Amino acid sequence: MNFRICWLVLSLASWVAAAASADDLDAALPDTATDSAASDPAPDALQRPAPDSEPAQTLRLSLDESIRLALENNLDVEVQRFTPLIAGERETQAWGAYDPELFSEFGYSDIENPSSFTLEGQTLTVTDSYDGFAGFRGLLPYLGSEYNFRFNGERTTNNNVFQSLSPEYRSSFSLTVSQPLLRGLIWNEAWTRVKTSRIGYDESIENFRRRVMDTVQEVEDAYWSLIATSEQKRVAQKSLETAQALLEQTKTQYEVGVVSKVEVVEAEAGVADRDFNLIAADNRYRTAQDRLINLVLGTGLTADSTLHIEPTDPPKDYVTYDVDAEQATQRAFEQRPELKLADDAIERQKLELKFAKNERLPSLDIQFNYGNRGLAGKQNPSLLDFNGNPVPSGSIPEGSFGDTVNDFLKSSAADQISARALLTIPIPNTAARSQVSQNELALRRATVEKRRLEQNIILEIRKAVRDLNSSQEGIEAAQRASEASAEQLRAERIRLEYGESTPFDVLLREEDFVTAESREIEAIRLYRTSVTGLSRAQGSILANRNIAIDQISALE
């Protein structure tokens with residue numbers, strides 16, 4: 001009887017010591033939300049982590065703050081910011097096809113020609129000439145009309161006795177307009193490139209929006225995963241402390257001969273197992289830290305980083321959702337950037353098909369030309385009449401180069417007017433016909449791809465709704481299991497106090513309780529990620545966070 005009382009006293013003393021060294025594992029998950037202290041370092045001051053020789057820095061962040069910093073610092077978002085800017089420059093480049101082009105050419109020539117015409121009075125005709133032309137040309141949008149305005153000027157001197165003017169000045173201008181009527185009308189290469197480049201810009205915006213959505217989802221998942229791994233680490237730490245306390249108690253009992261050496265070994269094995277679990281939990285926690293730091297701070301994560309992010313949003317505060325899958329799908333069809341990209345792909349193929357069909361047509365162009373020519377100069381001092389006598393000076397009207405343009409655009413002008421039609425019929429035009437077939441097939445494929453995407457979105461929505469409903473039910477089930485495991489552990493402890501159980505049985509119950517508590521932590525994490533996943537599947541994740549693309553797309 002005295003031995004029984006001694007054993008009970010030792011057991012009670014050991015459990016009192018264990019209670020003083022470890023918190024009760026029956027406690028619910030703690031609320032991690034705390035008020036930010038005024039002395040907390042600002043995020044900007046923590047862009048460069050301290051070296052290992054310095055104490056670790058802690059950055060306390062809410063989920064909204066994490067998302068804001070990620071959109072400022074995340075390198076994936078930064079890379080994607082360049083895409084719309086590049087696409088915008090490509091659109092501008094496409095419009096450059098309609099820029100007018102200035103052109104000019106000037107030169108000098110000295111030509112000597114032998115002559116066998118005896119009336120010329122010399123055997124060698126020498127002609128010196130300065131000539132050139134300048135103008136502008138270009139292409140008009142939409143219709144594909146080409147224009148060309150050109151002005152020519154020439155000064156010529158020669159020793160031909162029958163040439164009235166030396167030096168002789170000539171000038172002319174011409175305006176030519178060419179209009180395609182079949183091939184090249186509207187759906188010419190330049191106009192098609194303008195239209196497709198506009199679609200390319202829209203695609204770049206949607207791709208950027210998709211990348212931002214993915215980043216926000218990644219940050220939210222990483223944020224709640226960090227909280228979950230932190231809680232798992234806390235549970236593993238308390239489990240280790242409980243096992244250590246139980247080991248100390250078992251050793252004491254062994255020393256007084258209450259239990260055998262086998263039970264001490266079992267308690268030691270329990271400590272070793274929980275020590276291993278704590279090491280694994282700590283590794284998962286550090287990995288979750290690195291993932292969130294990389295997403296939020298970008299280059300703030302270095303090889304020697306000692307920075308730690310401390311989430312401040314409470315993980316257990318949640319709202320029960322009742323989601324209509326049909327309405328969620330309809331919202332997804334209206335908001336998902338992937339569907340807008342699919343629409344852009346279809347529109348691009350339609351434009352390419354129009355261009356290909358236009359290239360299949362014969363080429364029929366009409367060309368109009370209008371211009372004037374002018375002439376002036378000085379009387380040739382070597383000029384002879386038909387009798388071989390010198391022509392008196394002043395017999396020929398004289399003028400300078402400027403006089404050649406006096407009659408331009410007047411009724412007395414020497415008009416140059418022409419109209420032409422140019423027809424080309426490729427036979428059998430194999431390449432163009434094959435290109436039309438290719439574009440028709442590509443358009444059908446793009447249409448089918450959109451339908452496939454819509455079907456995938458339906459699957460995503462259905463899965464996201466199931467995941468959310470399952471996670472909500474899972475939290476309640478996990479809480480009930482945790483409460484039941486806690487009660488079983490409490491009962492097993494009491495049995496151990498009265499000698500009706502063994503440390504091994506208590507460790508088994510404690511392990512069951514740790515498993516139940518871990519499942520509750522995981523259920524809460526799954527709930528959070530399911531809410532985020534549904535928002536992403538619906539395409540409403542940015543609107544839910546009040547994130548405007550135009551406010552975050554600009555480069556700093």
Side-chain angles (χ1 to χ4, degrees), residues 63-64 67-68 70-71 74 76-88 196-224 295 319 321-351 442-471 526-553:
L63 180 56
D64 288 338
I67 293 173
R68 177 182 61 81
L71 296 181
N74 186 269
D76 288 337
V77 175
E78 183 69 12
V79 168
Q80 200 65 32
R81 278 193 180 98
F82 291 95
T83 304
L85 299 177
I86 294 173
T196 54
S197 64
R198 179 67 228 184
I199 293 177
Y201 177 75
D202 293 339
E203 288 175 336
S204 68
I205 294 295
E206 293 304 322
N207 274 318
F208 179 68
R209 188 159 71 94
R210 179 174 62 177
R211 177 65 261 182
V212 172
M213 284 183 173
D214 291 341
T215 299
V216 172
Q217 182 181 18
E218 289 173 5
V219 171
E220 292 196 24
D221 289 348
Y223 189 89
W224 298 118
L295 288 169
V319 178
Y321 294 95
D322 185 11
V323 182
D324 188 312
E326 185 175 355
Q327 293 180 356
T329 302
Q330 185 60 38
R331 282 193 292 268
F333 284 173
E334 295 172 357
Q335 300 176 3
R336 284 285 290 266
E338 293 85 353
L339 280 176
K340 290 183 172 58
L341 286 169
D343 289 334
D344 288 337
I346 292 175
E347 185 63 26
R348 179 189 293 274
Q349 291 301 329
K350 288 181 178 179
L351 295 178
L443 177 58
R444 292 179 60 184
R445 181 179 63 184
T447 304
V448 173
E449 287 177 345
K450 180 185 177 181
R451 291 203 300 267
R452 182 182 64 178
L453 178 60
E454 290 174 341
Q455 194 66 26
N456 289 338
I457 288 176
I458 292 175
L459 292 175
E460 289 180 24
I461 292 294
R462 289 172 60 86
K463 181 179 183 301
V465 171
R466 285 197 305 270
D467 289 344
L468 180 57
N469 292 335
S470 175
S471 65
L526 288 176
Y527 163 79
R528 292 295 186 180
T529 56
S530 296
V531 172
T532 304
L534 180 59
S535 297
R536 177 62 181 90
Q538 292 182 125
S540 59
I541 190 169
L542 299 186
N544 294 343
R545 293 289 175 183
N546 297 318
I547 298 173
I549 288 295
D550 55 350
Q551 295 178 357
I552 62 176
S553 60

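Every value quoted in this text rests on a predicted model; they were computed, and no experiment measured them.
The existence of a salt bridge linking Glu220 and Arg536 is excluded, since no basic side-chain nitrogen approaches an acidic carboxylate oxygen closer than 4.0 Å. Salt-bridge annotation for Arg331 and Glu334: absent, with no side-chain N of the basic residue lying under 4.0 Å from a carboxylate O of the acidic one. Checked for salt-bridge contact, Asp344 and Lys340 miss the test: no charged N lies under 4.0 Å from a carboxylate O. Between Glu338 and Arg452 there is no salt bridge, since no side-chain N of the basic residue sits under 4.0 Å from a carboxylate O of the acidic one.
Scanning all heavy atoms of the two residues, the minimum distance from Val323 to Ala328 falls at CG1-CB, 4.3 Å. Taking both residues in full, the closest heavy atoms of Met213 and Leu542 are given as CG-CG, 3.7 Å, listed atom of the first, atom of the second, then distance. Across Phe208 and Val77, no two heavy atoms sit closer than the pair CE1-O, 3.9 Å. Taking all atoms of both residues into account, the shortest heavy-atom contact from Glu203 to Ala345 is OE2-N, 4.0 Å. Contact between Gly200 and Ala87 at its shortest, heavy atoms only, is O-CB, 4.0 Å. Of all the heavy atoms in Tyr527 and Ser471, the pair that sits closest is CA-OG, 3.3 Å.
More than 12 heavy atoms of other residues, nucleotides or ligands sit less than 6.0 Å from atom CG of Asp324. Other residues, nucleotides and ligands place no more than 12 heavy atoms under 6.0 Å from the OH atom of Tyr201.
No side-chain donor-acceptor contact under 3.5 Å links Thr532 and Arg528.
Separating the CZ atom in Arg81 from the OG atom in Ser204 is a distance of 14.0 Å, to the nearest 0.5 Å. Taking CG from Leu534 and CD1 from Ile541, the interatomic distance works out to 10.0 Å, rounded to the nearest 0.5 Å. Interatomic distance, Ile67 CD1 to Arg545 CZ, rounded to the nearest 0.5 Å: 4.0 Å. A distance of 10.0 Å separates CD1 in Ile549 from CD in Gln551, rounded to the nearest 0.5 Å. A distance of 10.0 Å separates CD1 in Ile458 from CG in Leu453, rounded to the nearest 0.5 Å. Atoms NZ and OG, from Lys463 and Ser530 in turn, are 7.5 Å apart once rounded to the nearest 0.5 Å.
Between Asn207 and the options Arg210, Arg209, Arg211, a side-chain hydrogen bond (donor to acceptor under 3.5 Å, both in side chains) holds for only Arg210.
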